[in-house]
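The structure appears right after this line, and notes come after that.
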Amino acid sequence: RETQDQNEKLKKEVHEYSDVLPKEQQAVHKGRINPRHRVIERPEDNEILKKPKQTTLTTESAYELSIRLDLEKQNPALGALGTASHLTGEAARRGDEIYKKISLNQELSERLSYNRTLADSRHPACLKQNFNIPTLPSTSVIVIFYNEPYSVLVRTVHSTLNTCNEKLLKEIILVDDGSSNEELHGKLDYYISTRIPNGKVKVLRLKNRLGLIRARLAGARIATGDVLIFLDAHCEANIGWCEPLLQRIKESRTSVLVPIIDVIDSKDFQYSTNGYKSFQVGGFEWSGHFDWIEVSDREKKRQLRECDQPRQICPAYSPTMAGGLFAIDRHYFWESGSYDEQMDGWGGENLEMSFRIWQCGGTIETIPCSRVGHVFRDFHPYEFPNDRDTHGINTARMALVWMDDYVNLFFLNRPDMKFHPDIGDMTHRKLLRKKLRCKSFDWYLENIYPEKFVPNKNVIAYGRVRALSKDLCLDDLTQNNEKPYNLGIFWCAKTLSKSQFFSLTNTQVLRNELSCATVPHGDGGDVRVVKMVPCMDNDDYNEQWSYEEEHIIHLNTGLCLDHKELRSSDEIQVARCDSDSETQRWIIQHDK
Ligand code: UD2
Ligand code: MN
């Protein structure tokens, strides 16, 4: 009742100044169209905010109205406890439409409360932990954003305020990386000053888009908390996530920490976990991409040795981190080299920081009692600066500084990056590496990530597997490495590329980075396909091959790799071995 009255008063006020509003909006405020109805039907009515400020009162009233309409649109029951929600009818259609554009259901997000609750997804042992709050370091949470949906960003802020102990949360710094979306300017500022007036939420606006790496640096420069916690602008934090991070940094200043990142579905906003029993940590691919890996048995043993709590809630060493959500001591952030400021746009900074931290004496750890949800999107809703592959360029910079000779493996996977003109100069990063007396990449692989397969180490041969009688090479075709797939052949690429890169290991496994070649058990015909399956930890006999007199022989079946009657793009086969057959002769080469 009271808000209704206030709204009425407000509408009158807006009405008085409505001359400065766009035509359509005037109609709304003169009461010809139910404004509530209109905004729900036409989100673009927020256009009002795109008009230049005429008088402060008018603009503020417009923000006020818009914010009230936003709040009216929300249904507190929707998505409560992190459950999935589904729109119907016209709203569902609009949700699908916006989803196609930005890979996120903004329509739905606008209907979920900023303060929706999440189910506690922590391991039960986490609940028994006690923290001595006054002794913990304080934190500045830094959230960077570029044209993120307003409601998603605001929910990230509320979620942080609701879940991070207020005695520990010194401030939230929102860094606007030059967003063009007007709603993220005046209205956001107005929202913060009227709805979150505790002074803890600050907005730093960059004049131009600097890319997420420099945006994080800008936020870190003005931060005053003891610990920096970085978040993406589409996160919802789970209960009790701050304390375990801050406690661990108090114990170990050079540990860089990541929470378990739970998944918020970009379509229905379901907050889902993999259960609390297990979680993954960070790995990488030689192409310079981050990937998720299981916690190794080696690491589990280390946890048992070095941690006096139930193993499932012990910090887990992580060879790399995803990059978006992490906590680091503020001074250590700068001492350890913060970021490479010459990295533009998006990508690469996560592996750079991961290798640097490990090689220069720190650790990266997943803290299982700290869980934060993140909306994973299928594609980037934004364009890249100057349309460049900033991930590739940044990763090349990273590899040239931190990976020693292993940089060649990166370039084998990314030949397009080898002489890329935009890579630039890295002298200052190399000096940093010297100054901090950082260890080698060899050391990193041996000690931090010995499970990582190195395609040119402990191998009989590596490179492309080329047919002798024809310019055909074994090729992944378009398959990815997630599911088993049939291996193919294709015209040999001029420069060795990822899809034609194989190794025959000393243990006689024919494989690429993630998958091993095998001939499926089965009917036992004489001509059969070759399947690529996830490599087992222990070499499986069925995955073994020998290489004799240019024949590649599957040990278990005794069949030979054979491209007889096959053409480019076909699936490769194995057939009964024949020492005279030209189509069974292969060479494995990496130099040409
Ligand atoms: C992942 C990371 C992300 C970052 C990236 C590699 C997680 C969950 N996310 O990609 O944080 O490390 O890998 O670079 O680990 N943004 C800007 N300016 C830009 C582009 C993006 O401020 O020019 C913001 C964006 O609004 C978002 C954040 O940077 O808040 C990360 O971008 P993203 O969410 O598109 O990246 P994501 O999660 O795919
Ligand atoms: Mn993200």
Side-chain angles (χ1 to χ4, degrees), residues 282-291 293 319-320 340 342-343 347-356 358-360 389-427 429-434 438-466 473-476 481 492-507 509-516 535 547 587-592:
F284 70 90
E285 291 181 22
W286 291 107
S287 59
H289 286 94
F290 169 86
D291 67 0
I293 58 166
T320 72
D340 175 357
Q342 271 156 268
M343 288 190 177
E349 93 294 347
N350 47 352
L351 292 192
E352 195 271 348
M353 179 170 271
S354 304
F355 296 159
R356 173 163 47 81
W358 279 118
Q359 285 173 244
C360 308
D389 173 6
T390 58
H391 179 276
I393 296 165
N394 294 345
T395 305
R397 290 183 63 82
M398 175 286 286
L400 285 161
V401 176
W402 297 102
M403 292 176 76
D404 304 324
D405 289 347
Y406 293 86
V407 70
N408 296 320
L409 285 176
F410 167 69
F411 285 129
L412 274 175
N413 281 283
R414 292 299 307 268
D416 56 320
M417 281 298 147
K418 191 148 188 187
F419 301 107
H420 200 290
D422 293 337
I423 292 174
D425 181 71
M426 273 91 53
T427 313
R429 299 305 283 179
K430 289 183 183 155
L431 281 175
L432 171 82
R433 181 172 165 174
K434 256 209 186 116
C438 307
K439 299 193 183 82
S440 67
F441 202 71
D442 251 332
W443 175 88
Y444 168 82
L445 286 175
E446 258 165 51
N447 295 281
I448 307 307
Y449 198 4
E451 295 77 22
K452 182 65 198 163
F453 176 65
V454 183
N456 58 357
K457 240 192 193 169
N458 304 322
V459 295
I460 297 164
Y462 72 96
R464 41 166 106 62
V465 183
R466 179 196 284 271
C473 281
L474 289 191
D475 194 306
D476 273 346
N481 284 309
C492 297
K494 269 211 191 85
T495 24
L496 183 50
S497 64
K498 187 177 162 78
S499 70
Q500 296 189 350
F501 195 160
F502 295 89
S503 306
L504 185 61
T505 69
N506 288 345
T507 51
V509 175
L510 176 65
R511 62 175 290 173
N512 59 23
E513 193 171 346
L514 301 171
S515 302
C516 286
C535 297
Y547 186 39
I587 45 171
I588 306 179
Q589 51 168 202
H590 58 269
D591 36 8
K592 267 178 262 140

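Residue Phe441 is tested with Trp358, Phe355, Tyr449 for a ring pair (Phe, Tyr, Trp, His ring centres under 6.0 Å); the sole match is Phe355.
We find the CG-CG distance between Leu496 and Leu412 to be 5.0 Å, quoted to the nearest 0.5 Å. Atom NE2 of His289 sits about 10.0 Å away from atom CG of Asn413, to the nearest 0.5 Å. Interatomic distance, CD1 of Ile293 versus CZ of Phe284, reported as 9.5 Å (0.5 Å rounding). Put simply, OG on Ser503 and CG on Asn456 are 7.5 Å apart, with the number rounded to the nearest 0.5 Å. Between the CG atom of Asn512 and the SG atom of Cys535 there is a distance of 7.0 Å, given to the nearest 0.5 Å.
Applying the salt bridge (charged side-chain N to carboxylate O under 4.0 Å, His left out) rule to Glu349 yields the partners Arg216; only residues at least two apart in sequence or on another chain are considered. With sequence neighbours excluded, the residues that form a salt bridge (charged side-chain N to carboxylate O under 4.0 Å, His left out) with Glu451 are Arg298. Taking Trp286 as the reference, nothing meets the side-chain hydrogen bond (donor to acceptor under 3.5 Å, both in side chains) condition, with sequence neighbours excluded. Legend: residues meeting side-chain hydrogen bond (donor to acceptor under 3.5 Å, both in side chains) with Thr390, ordered by chain and number and at least two apart, are absent. Checked against side-chain hydrogen bond (donor to acceptor under 3.5 Å, both in side chains), Tyr547 has no partners two or more places apart in sequence or in another chain. Residues satisfying the ring pair (Phe, Tyr, Trp, His ring centres under 6.0 Å) criterion with Tyr462, sequence neighbours excluded, are His590.
A pairwise comparison of heavy atoms in Leu400 and Lys430 identifies O-CE, 3.8 Å as the closest pair. Residue Leu445 comes nearest to Val454 through the heavy atom pair CD1-CG2, 4.1 Å, listed as atom of the first residue, atom of the second, then distance. The two residues Gly282 and Pro319 come nearest to each other via the heavy atoms O-CD, 3.1 Å.
Judged by the 6.0 Å distance and 45° axis criteria, Lys439 is not positioned over the aromatic ring of Tyr444. Judged by a 6.0 Å distance limit and a 45° cone about the ring axis, Arg464 is not positioned over the six-membered ring of Phe502.
Between Arg414 and Asp389 a salt bridge is recorded (basic side-chain N to carboxylate O distance below 4.0 Å). Between Glu352 and Arg397 no salt bridge is recorded (no basic side-chain N to carboxylate O distance below 4.0 Å).
Within 6.0 Å of atom CG in Asp405, 12 or fewer heavy atoms from other residues, nucleotides or ligands are found, so the atom counts as exposed in its surroundings.
Distance alone, capped at 3.5 Å, places no donor-acceptor pair between the Lys452 side chain and the Gly283 backbone. The main-chain N or O of His391 is never found under 3.5 Å from a side-chain atom of Asn394 such that the two would form a donor-acceptor pair. Between the side chain of Asp475 and the main chain of Gln500, no donor-acceptor pair closer than 3.5 Å is present. Not one N or O on the side chain of Glu513 forms a donor-acceptor pair closer than 3.5 Å with the backbone of Pro455.
A 4.5 Å side-chain heavy-atom check between Met417 and Phe410 finds at least one atom pair inside the cut-off. No side-chain heavy atom of Lys418 sits under 4.5 Å from any side-chain heavy atom of Pro415. Under the 4.5 Å side-chain criterion, counting only non-hydrogen atoms from C-beta, Asp476 is not in contact with Phe501. In this structure, Gln359 and Arg433 have side chains that are in contact, with non-hydrogen atoms separated by less than 4.5 Å. With contacts defined as side-chain heavy-atom distances shorter than 4.5 Å, the pair Met343/Met398 qualifies. Contact annotation: the side chain of Cys438 approaches that of Trp402 to within less than 4.5 Å [non-hydrogen atoms, C-beta and beyond]. Using a 4.5 Å heavy-atom threshold, the side chains of Leu504 and Val509 count as separate. Side chains of Cys473 and Val465 form no contact here, defined as non-hydrogen atoms less than 4.5 Å apart.
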Applying side-chain contact (heavy atoms from CB on, under 4.5 Å), run through Asn350 and Thr320 and close with a yes or a no.
CA-CA 8 Å; Asn350 47 352; Thr320 72; over 6 Å; no

Using side-chain contact (heavy atoms from CB on, under 4.5 Å), reason through Arg356 and Leu432 one step at a time and then give a plain yes or no.
CA-CA 10 Å; Arg356 173 163 47 81; Leu432 171 82; 3.9 Å; yes

Full working for side-chain contact (heavy atoms from CB on, under 4.5 Å) between Ile423 and Met426
CA-CA 8 Å; Ile423 292 174; Met426 273 91 53; 3.9 Å; yes

Verify side-chain hydrogen bond (donor to acceptor under 3.5 Å, both in side chains) between Ser440 and Asp404, making sure each step is shown before the conclusion.
CA-CA 7 Å; Ser440 67; Asp404 304 324; 4.7 Å; no

Please evaluate residues Lys498 and Glu285 with respect to the criterion side-chain contact (heavy atoms from CB on, under 4.5 Å), reporting the C-alpha separation (whole Å), side-chain torsions for both, the decisive distance (0.1 Å), and the verdict.
CA-CA 11 Å; Lys498 187 177 162 78; Glu285 291 181 22; 3.4 Å; yes

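Side chain to side chain, Thr507 and Thr505 meet the donor-acceptor criterion of an N or O pair below 3.5 Å.
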